[in-house]
Chemist: 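The structure that follows is given in the form of structure tokens.
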Number of protein chains: 2
Amino acid sequence: MKRKEDKRPLADEIAQAIQLGEYRSGEWLRQVDLEERFAATRFDVRAALEALVVRKEIQHVRNRGYKVPALDPEMLAHLREVRVILECGAVPQIVANATDEDVVRLAELAEAFSVAAKSGTHLDQSTTNREFHEAMHALTANPVLVETIWSIRDRGRSAPFTIWRTPDTLHRSDEDHRQMVHCIRERDAAGLSKVIEDHIRRRH
Amino acid sequence: MKRKEDKRPLADEIAQAIQLGEYRSGEWLRQVDLEERFAATRFDVRAALEALVVRKEIQHVRNRGYKVPALDPEMLAHLREVRVILECGAVPQIVANATDEDVVRLAELAEAFSVAAKSGTHLDQSTTNREFHEAMHALTANPVLVETIWSIRDRGRSAPFTIWRTPDTLHRSDEDHRQMVHCIRERDAAGLSKVIEDHIRRRH
DNA sequence: TGCGTAATAATTGGCGCCAATTTTATTGCG
DNA sequence: CGCAATAAAATTGGCGCCAATTATTACGCA
């Protein structure tokens with residue numbers, strides 16, 4: 001069996017499955033299961049799992065295997081705090097760098113999320129949300145900052161399945177995205193920081 | 001040959017060797033060499049190298065091996081910028097959390113660095129510097145923030161061999177540490193942020 | 001002497017294998 | 001029926017191996 005010669009590293013595929021709630025907190029990831037599911041060799045699976053351990057997205061227990069860590073409230077609070085620092089730290093550069101075209105593009109991406117929020121699948125919502133934030137963070141023109149932000153977000157599993165349990169939370173995220181676009185359009189750094197911080201700190 | 005049953009993961013040992021300038025930018029890390037040097041099996045070496053790739057501390061080139069990345073000025077600037085965001089973002093919690101005992105401890109660690117700066121080895125300087133900063137960041141009581149800070153610092157190889165090329169730069173770092181302790185003692189968040197930012201942005 | 005080609009040596013990549021460990025099932029006893 | 005012990009099954013961990021690839025050396029020719 002040969003792994004589809006494609007696109008993303010296996011580690012990212014597994015990570016996405018975790019993000020989408022296909023593996024729950026505390027759940028063990030069996031190598032043999034992953035081999036089947038992802039059409040991968042054991043060697044590939046093991047390498048991917050090790051990478052995810054380094055990224056702290058999963059945990060390894062010797063002789064027992066790998067599992068999706070339970071995210072206790074304290075860890076979540078730590079992750080949120082670091083997100084606030086990073087994402088608010090990114091604001092000056094986002095506001096300074098955004099062109100009119102960028103703002104138009106962001107508005108389109110916010111709209112795409114809005115559509116997905118109303119009538120899309122969980123995957124749609126996750127994808128459009130990610131695309132919106134990726135485009136926004138890319139405005140910093142600092143790839144290290146972008147990947148650091150995502151490394152923290154991914155660890156906290158900031159994805160629909162864990163967050164958007166109700167239409168209300170979806171709606172709030174939709175509204176927050178619009179606010180973010182508005183603040184960027186107006187070059188309002190303080191306003192953008194506030195929206196982002198509130199967005200991150202909000203209890204879902 | 002069995003690896004000394006000990007202390008730190010091999011990846012960290014290799015990382016430190018890189019930090020200390022034992023491998024230069026652009027240099028290839030030969031698996032067979034590392035096996036010898038670190039008394040490790042090939043399996044262990046390969047796992048360690050892969051971990052360092054995930055951590056972006058080294059780069060992998062297929063069929064050719066692993067190498068220490070050259071840090072171009074642009075990448076260094078990105079890393080510095082993220083360090084500023086993170087380390088200045090840590091300031092409010094450092095200042096809020098530090099007890100009198102903490103301040104005394106930090107002053108001792110700053111003094112240890114001062115001694116190493118005057119008459120210690122590069123390793124002494126690296127170790128005492130790291131200990132000082134570790135103690136300071138630990139005051140945030142946010143392990144995620146601490147490890148994120150270090151992941152960025154380590155990528156930028158913020159270590160003596162690459163930074164402290166002259167007694168003058170060592171002296172400045174010594175002075176900066178004292179200033180940091182002073183600001184913490186006085187609960188001067190703005191002052192501490194400034195010292196840290198200047199410290200990071202300084203061209204060495 | 002310099003260049004190109006072929007041969008040889010060295011290194012990397014990933015596979016298969018099996019020992020070690022853990023989990024599950026079975027059996028026997030009170 | 002519940003528990004403990006044993007056996008069997010499943011899973012993990014790391015080793016050895018060799019094919020594939022790259023680097024180096026040797027050779028021949030102009």
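Just so you know, these numbers come straight off a predicted model, no measurement behind them.
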Chemist: What integer distance in Å separates Ile58(A):CD1 from dT12(D):P?
Modeler: 11 Å
Chemist: Strictly below 4.0 Å, N to O, side chains only: are Arg155(A) and Glu147(B) in salt-bridge contact?
Modeler: yes
Chemist: Touch check for Arg62(B), heavy atoms < 4.0 angstrom, all strands: base, sugar-phosphate only, or nothing?
Modeler: sugar-phosphate
Chemist: What integer distance in Å separates Lys67(B):NZ from dA23(D):P?
Modeler: 12 Å
Chemist: So, does Thr41(B) get its side chain near the phosphate of dC15(D), meaning an N or O under 4.0 Å from OP1 or OP2?
Modeler: yes
Chemist: Which nucleotide in the set dT11(C), dC15(C), dG13(D) lies at the smallest distance from any side-chain heavy atom of Phe43(A)?
Modeler: dC15(C)
Chemist: Would the distance check show the side chain of Gln125(B) and the main-chain N or O of Ala116(B) forming a donor-acceptor pair, the cut-off being under 3.5 Å?
Modeler: yes
Chemist: May I have the distance from Glu36(B) (atom CD) to dA10(C) (atom P), rounded to whole angstrom?
Modeler: 13 Å
Chemist: From dT21(C), dT11(C), dG13(C), pick the nucleotide closest to the side chain of Val32(B)?
Modeler: dT11(C)
Chemist: Whether Arg172(A) and Asp198(A) form a salt bridge (side-chain N of Lys/Arg under 4.0 Å from carboxylate O of Asp/Glu) is what I want to check.
Modeler: no
Chemist: With respect to the side chain of Arg30(B), which nucleotide from dT11(C), dG13(C), dT11(D) is positioned closest?
Modeler: dT11(C)
Chemist: For dT12(C), does OP1 or OP2 lie under 4.0 Å from any side-chain N or O of His60(B)?
Modeler: no
Chemist: Between Asp44(B) (CG) and dG13(D) (P), how many Å, whole number?
Modeler: 13 Å
Chemist: If you only use heavy atoms from C-beta on, which nucleotide in dA23(D), dT12(C), dT21(D) is closest to the side chain of Arg64(B)?
Modeler: dA23(D)
Chemist: Side chains of Gln31(A) and Tyr66(A): any donor to acceptor distance under 3.5 Å?
Modeler: no
Chemist: Take atom CD of Gln31(A) and atom P of dT21(C), then tell me their distance rounded to the nearest Å.
Modeler: 17 Å
Chemist: Could you tell me whether a side-chain N or O of Glu87(B) sits under 3.5 Å from a main-chain N or O of Ile149(B), the two making a donor and an acceptor?
Modeler: no
Chemist: Whole-Å distance between dG14(D) C1' and Glu35(B) CD?
Modeler: 13 Å
Chemist: If you look at every strand shown and take non-hydrogen atoms under 4.0 Å, does Arg42(A) touch a base, only sugar-phosphate, or nothing?
Modeler: base
Chemist: Please give, in whole Å, the distance from dT23(C) C1' to Trp28(A) CH2?
Modeler: 12 Å
Chemist: Kindly indicate whether the side chain of Arg46(A) and the base of dG14(C) share any N or O donor-acceptor pair separated by less than 3.5 Å?
Modeler: no
Chemist: Round to a whole Å and report the spacing from CG of Asn63(A) to P of dT23(C).
Modeler: 9 Å
